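As the structure is a computational prediction, the values presented were derived from the model and not from experiment.
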Amino acid sequence: MMCRRQQHRHRGAFSLVEVLISIAITTVIVVLLFQVFVAAATQWQASDQRIDTFRDARAALHFIARDLSRAHVNASAGMLRLSDTFGDFAKEAYAVTASANSGKSDLCAVGYYCAWDGATKTFTLKRLFRDSDAAFGLLKGATMPNFNALFAKDAALEEAVAAYVWDLQFRPGVEDTAVNPSSAQPPDWRWVEIRFKSMSPASARRLRDLPVDVSTWFDAASDVYRTHILPFEQQFVTRVSLHQRQ
């Protein structure tokens, strides 16, 4: 009777092979679940970075569009200036525009351009701003307003609008036709197309240990651009109407 009970207990236990197989299966399941978790976390992080980039870039695009849409384009050819042109596009825009400020009126001077940051090896979208008191002082009582002084870049007047922005472009148009910024006068322009590229801070930080300089950001054929910039860039485009004022 004792031998039969011992034999019954022996048959109800797991063998060493069965235990090892179950451990192996459990390990495989845990590894697969971990890989799924890591992939999901990576995808979530990438999506979150794209959302942050989209939000900041859209805000910057809104600032530029708002200022340029209020420009006094037909008061004088110098009231809206697109400069540093290449092809049919300009890389910088300056305007005398109506905007609330601390001065005595609402007529201000603004400018938008990208500035190189050697520490981060990236570009930052900058906004030049002169309040109405400073702008009026350079515009009043002169046969020819001093637009060069009005739109002069000054570190004390600059403010960063968005980081990791590059390839800023402005393209004006007459009716439905785009024109070269240097081939037509601003009073004839009816709209301006604005576009630039942007990337997330996490993507930009990967570039700090790579051989990156100003030319890298515009060399689409380079290995650094194709591997570390192109997969993470987002392009933003809008077109603003220019209101004609008398």
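- With sequence neighbours excluded, no residue forms a side chain to side chain donor-acceptor pair (under 3.5 Å) with R208.
- Qualifying ring pair (Phe, Tyr, Trp, His ring centres under 6.0 Å) partners for F170, counting only residues two or more places apart in sequence or in other chains: none.
- Using cut-offs of 30° and 60° for the angle between ring planes, the F196 and F236 rings count as tilted.
- Here the shortest heavy-atom pairing between R226 and P231 reads O-CD, 3.3 Å.
- In this structure, Q235 has no side chain to side chain donor-acceptor pair (under 3.5 Å) partners at least two apart in sequence or on a different chain.
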Open item on the list: Test side-chain hydrogen bond (donor to acceptor under 3.5 Å, both in side chains) on R81 and N148; report intermediate values, then the result.
Closed with: CA-CA 10 Å; R81 174 185 297 182; N148 289 331; 3.3 Å; yes

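- T216 pairs by the side chain to side chain donor-acceptor pair (under 3.5 Å) definition with D213, not counting sequence neighbours.
- Looking only at distances, no side-chain donor or acceptor of D133 sits under 3.5 Å from a matching main-chain atom of D131.
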Output a table of donor-acceptor pairs, distance under 3.5 Å, between side-chain atoms of residues 86-97 and any protein atom two or more places apart or on a different chain; print 'none' if there are none.
from : atom 1 : to   : atom 2 : distance (Å)
D88  : OD2    : R171 : NH2    : 3.2
E92  : OE1    : S83  : OG     : 3.4
E92  : OE1    : Y94  : OH     : 2.8
E92  : OE2    : K153 : NZ     : 2.8
T97  : OG1    : D67  : O      : 2.8
T97  : OG1    : R70  : O      : 3.4

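- Between the side chain of W217 and the main chain of K121, a donor-acceptor pair closer than 3.5 Å is present.
- Checking side-chain atoms of W191 against main-chain N and O of P172 turns up no donor-acceptor pair under 3.5 Å.
- Side-chain heavy atoms closer than 4.5 Å link hydrophobic residues (I, L, V, M, F, W, Y) into clusters, and following such links, possibly through other members, connects M199 to F218.
- The backbone N or O of S241 lies less than 3.5 Å from no partner atom in the side chain of S69, so there is not a single donor-acceptor pair.
- Remark: of the listed residues Y164, W116, W166, W116 is the sole one forming a ring pair (Phe, Tyr, Trp, His ring centres under 6.0 Å) with F123.
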Acceptor/donor pairs from residues 26-36 side chains to any protein atom, 3.5 angstrom cut, sequence neighbours excluded:
from : atom 1 : to  : atom 2 : distance (Å)
T26  : OG1    : S22 : O      : 2.8
T27  : OG1    : I23 : O      : 2.8

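- Taking hydrophobic clusters as Ile, Leu, Val, Met, Phe, Trp and Tyr residues chained together by side-chain heavy-atom distances below 4.5 Å, V240 shares a cluster with I64.
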